[in-house]
Amino acid sequence: MDRMKAQAAKNREAAKVLRRRGKNTAAKEMEARADELESGRVTDCTDAVSGLISWAFRR
């Protein structure tokens with residue numbers, strides 16, 4: 001969950017930059033993604049994917 005919160009924070013920072021550049025639509029999309037990441041509806045599969053890749057390279 002910490003990875004998701006960290007990514008959500010990065011998305012919010014990116015949204016601020018986009019908004020300063022006048023790209024409000026893209027900023028809203030980034031903020032919506034950040035909300036989704038913080039909500040818990042998104043599953044963090046990083047460890048599972050990393051394990052599968054390691055398993056595949058050992059074979």
Side-chain angles (χ1 to χ4, degrees):
M1 192 67 173
D2 291 333
R3 287 184 198 140
M4 299 300 205
K5 288 184 181 183
Q7 185 60 46
K10 289 178 185 177
N11 283 17
R12 291 193 192 286
E13 287 300 315
K16 288 178 188 176
V17 171
L18 288 170
R19 192 160 273 122
R20 281 193 299 253
R21 294 180 180 171
K23 300 184 183 230
N24 289 329
T25 304
K28 287 179 183 178
E29 290 173 5
M30 293 294 280
E31 288 172 343
R33 180 65 178 160
D35 290 341
E36 193 174 347
L37 288 169
E38 289 175 339
S39 73
R41 292 186 306 248
V42 179
T43 305
D44 183 8
C45 297
T46 306
D47 294 331
V49 172
S50 179
L52 285 172
I53 291 170
S54 295
W55 173 83
F57 280 117
R58 282 192 298 258
R59 294 190 137 250

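Please read all numbers here as calculations on a predicted model, not as lab measurements. Numbering of residues begins at 1 and proceeds along the displayed sequence.
A pairwise comparison of heavy atoms in L37 and A8 identifies CD1-N, 3.9 Å as the closest pair.
With sequence neighbours excluded, the residues that form a side chain to side chain donor-acceptor pair (under 3.5 Å) with R12 are D35, E38. Residues meeting the side chain to side chain donor-acceptor pair (under 3.5 Å) test with Q7, sequence neighbours left out: N11.
Between E31 and K28, no side-chain nitrogen of the basic residue sits less than 4.0 Å from a carboxylate oxygen of the acidic one, so the salt-bridge criterion is not met.
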Please report the C-alpha distance between L18 and E29 in whole Å, then the side-chain angles of each, then the deciding distance to 0.1 Å, and finally whether the side-chain contact (heavy atoms from CB on, under 4.5 Å) criterion is met. CA-CA 10 Å; L18 288 170; E29 290 173 5; over 6 Å; no

Should K16 and E13 be marked as a salt bridge (charged side-chain N to carboxylate O under 4.0 Å, His left out) after you check the CA-CA gap, both sets of side-chain angles, and the distance that decides it? CA-CA 5 Å; K16 288 178 188 176; E13 287 300 315; 3.3 Å; yes

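Judged purely by atom type and a 3.5 angstrom limit, S54 uses its side chain to pair as donor or acceptor with the backbone of S50. Judged purely by atom type and a 3.5 angstrom limit, S39 uses its side chain to pair as donor or acceptor with the backbone of R41.
Expressed to the nearest 0.5 Å, how far CG of D44 lies from CE of M4 amounts to 4.5 Å.
Other cluster members for L52: none, since no ILVMFWY side-chain heavy atom sits under 4.5 Å from it.
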